[in-house]
Protein chains: 2
Amino acid sequence: MVTKQYTGTPDEQADLRRADSLGREIFSDVANKWALLIIEALGERTLRFSGLRDEVEGVSHKMLTQNLRMLERNGLVVRTVHPTVPPRVEYTLTEAGRGLRATVDGMCEWTYRYFGHIEDSRRRFDG
Amino acid sequence: MVTKQYTGTPDEQADLRRADSLGREIFSDVANKWALLIIEALGERTLRFSGLRDEVEGVSHKMLTQNLRMLERNGLVVRTVHPTVPPRVEYTLTEAGRGLRATVDGMCEWTYRYFGHIEDSRRRFDG
DNA sequence: CTGGATCCAGCTCGATACTG
DNA sequence: CAGTATCGAGCTGGATCCAG
């Protein structure tokens, strides 16, 4: 994901490059503020579009749809349309999505844990 | 980090809002492709500026300095300047940085684990 | 070698208006 | 309610140049 050194037979090298490029692509999709906040907001729940907009503070209509499409494309959320009037669309994490959520949880815990450290460091740096 | 519901006394609510806003700020700083790739590249090593530029594939001079400053400000990396000619600057993760790195490792493992799932899902979605 | 500063093309994102 | 399309201001990020 980070280095550009490849070893092994030419075929293996090609595989590694393919994997690496896809990995980088996935990483770019997922290492993004809104995507992670949406995943964290979904958690174990099923939420509707409007529910998500309320839960993920500050997200715009556009960013929400855009990121939901991306997450659906990558198989991290499933989108269920109930053909009623008015329409009702529900979003849930897949197993892969829940897997990612576990690591996002880790990031949140990390944030709380080092809160003070970060606040101090910022004050020192800024002053 | 995600919801806007606050309970408790007004003071506690104010604290929570402050914490929430800072948490969001930290999250925005850190949930960013280059920052995470830099942290992952550093790992347990000490690297120089040029070393990092080589390790983090595709990062530009500007993005690297910008993110390094941000990570230093937040106390995730330490920057050591050796007053030689030419200058020699080394970057290392702090304890907080290593803590975050652990969760980034989780994300990388997650990527490898769900590689196939994601590839399949994309093909299905795109076609 | 490290890194600040500037320029500007291109993209992001919010706002708005419109559909089923 | 959910979603798409469009438009424009503003930010992002790459290229380049200069300095210590």
Side-chain angles (χ1 to χ4, degrees), chain A residues 2 4 24-39 41-42 45-74 76-93 125-126, chain B residues 2 4 24-39 41-42 45-74 76-93 125-126:
Chain A
V2 169
K4 16 175 157 180
R24 183 61 68 95
E25 219 182 299
I26 296 173
F27 204 83
S28 299
D29 271 0
V30 145
N32 138 346
K33 178 183 163 182
W34 292 128
L36 296 183
L37 287 175
I38 289 170
I39 287 172
L42 270 176
R45 297 181 284 181
T46 290
L47 283 176
R48 301 178 55 175
F49 184 85
S50 45
L52 272 169
R53 198 179 39 208
D54 294 343
E55 288 296 326
V56 182
E57 188 174 346
V59 72
S60 71
H61 185 110
K62 186 180 178 179
M63 284 302 97
L64 187 53
T65 36
Q66 207 167 93
N67 279 277
L68 282 172
R69 286 301 154 276
M70 179 273 285
L71 293 173
E72 189 191 358
R73 178 170 113 93
N74 287 319
L76 306 194
V77 305
V78 280
R79 177 168 174 275
T80 315
V81 182
H82 296 85
T84 56
V85 177
R88 173 197 187 81
V89 182
E90 294 182 331
Y91 294 92
T92 321
L93 290 182
F125 190 94
D126 294 341
Chain B
V2 169
K4 16 175 154 175
R24 183 62 67 95
E25 220 181 299
I26 296 171
F27 204 84
S28 300
D29 271 0
V30 145
N32 137 346
K33 178 184 165 181
W34 292 127
L36 296 183
L37 287 175
I38 289 169
I39 287 172
L42 270 176
R45 297 180 286 180
T46 289
L47 284 176
R48 302 179 54 176
F49 185 85
S50 45
L52 272 168
R53 199 180 36 211
D54 294 341
E55 288 296 325
V56 181
E57 187 175 346
V59 73
S60 71
H61 184 111
K62 186 180 181 179
M63 284 301 96
L64 187 53
T65 37
Q66 207 168 92
N67 279 276
L68 282 172
R69 286 302 154 275
M70 180 274 286
L71 292 172
E72 189 192 359
R73 181 170 111 92
N74 287 318
L76 306 194
V77 305
V78 281
R79 176 167 174 275
T80 313
V81 183
H82 296 85
T84 58
V85 177
R88 172 198 188 80
V89 182
E90 295 183 329
Y91 294 91
T92 323
L93 290 182
F125 191 93
D126 295 341

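These numbers come from the heavy atoms of this one structure, side chains and all, not from hydrogens, waters or symmetry mates. All chains are named by letter (A, B, ...) in the order of the sequence lines, taking the proteins before the strands, and each is independently numbered beginning at 1.
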Inset, instruction - For A:Phe49 and D:dG3, give me the distance from atom CZ to atom P, rounded to whole Å. - result: 6 Å

Inset, instruction - Determine: side-chain N/O of A:Arg69 to OP1/OP2 of D:dT4, distance under 4.0 Å, yes or no. - result: yes

Inset, instruction - Figure out the CG/P separation between B:Leu64 and C:dG3, and round it to whole Å. - result: 9 Å

Legend entry - Interatomic distance, A:Arg79 atom CZ to A:Arg69 atom CZ [nearest 0.5 angstrom]: 4.5 Å

Legend entry - Distance below 4.0 Å between A:Thr84 side-chain N/O and D:dC1 OP1 or OP2: no

Inset, instruction - Would you mind reporting whether A:Trp34 and A:Leu64 have side-chain heavy atoms less than 4.5 Å apart? - result: no

Inset, instruction - Would you work out how much the helix from C:dC1-D:dG20 to C:dG20-D:dC1 bends between its ends, with each end axis defined by five base pairs, to 10 degrees? - result: 40°

Inset, instruction - Return the value, rounded to whole Å, for the distance between atom CG of A:Leu37 and atom P of C:dC13. - result: 13 Å

Inset, instruction - Please name the pair of heavy atoms, one in B:Leu42 and one in B:Thr92, separated by the smallest distance, quoted to 0.1 Å. - result: CD1-C, 4.4 Å

Inset, instruction - Choose from C:dT2, D:dC1, D:dG3 the nucleotide whose nearest atom is closest to any side-chain atom of B:Arg48. - result: C:dT2

Legend entry - B:Val30 vs B:Leu76 side-chain heavy atoms within contact, under 4.5 Å: yes

Inset, instruction - Show your working on side-chain contact (heavy atoms from CB on, under 4.5 Å) between B:Phe49 and B:His61 and close with a plain yes or no. - result: CA-CA 9 Å; B:Phe49 185 85; B:His61 184 111; 4.2 Å; yes

Inset, instruction - Could you check how far CG of A:Asn32 sits from C1' of C:dT12, rounded to whole Å? - result: 12 Å

Legend entry - side chain to side chain contact (heavy atoms under 4.5 Å, CB included) involving B:Arg48 - partner list, sequence neighbours excluded: B:Ser50, B:Arg88, B:Glu90

Legend entry - Nearest atoms (heavy-atom pairs only) where B:Ala31 meets A:Leu36: CB-CD1, 3.9 Å

Legend entry - Footprint string (nucleotides 11-20 of chain D, 5' to 3'): B base within contact, S backbone only, - free, heavy atoms under 4.0 Å: --BBB----B

Legend entry - Phosphate contact (D:dA2 OP1 or OP2) by A:Arg79 side-chain N/O below 4.0 Å: no

Legend entry - Separation of A:Asn32 CG from A:Gln66 CD (nearest 0.5 Å): 9.5 Å

Inset, instruction - Rounded off to whole Å, could you give me the CG-to-P distance for the A:Asn67 and D:dG3 pair? - result: 13 Å

Legend entry - Minimal non-hydrogen separation, B:Val77 against B:Leu68, with atom names: CG2-O, 4.1 Å

Legend entry - Side-chain N,O (B:Tyr91) to OP1/OP2 (C:dC1) below 4.0 Å: no

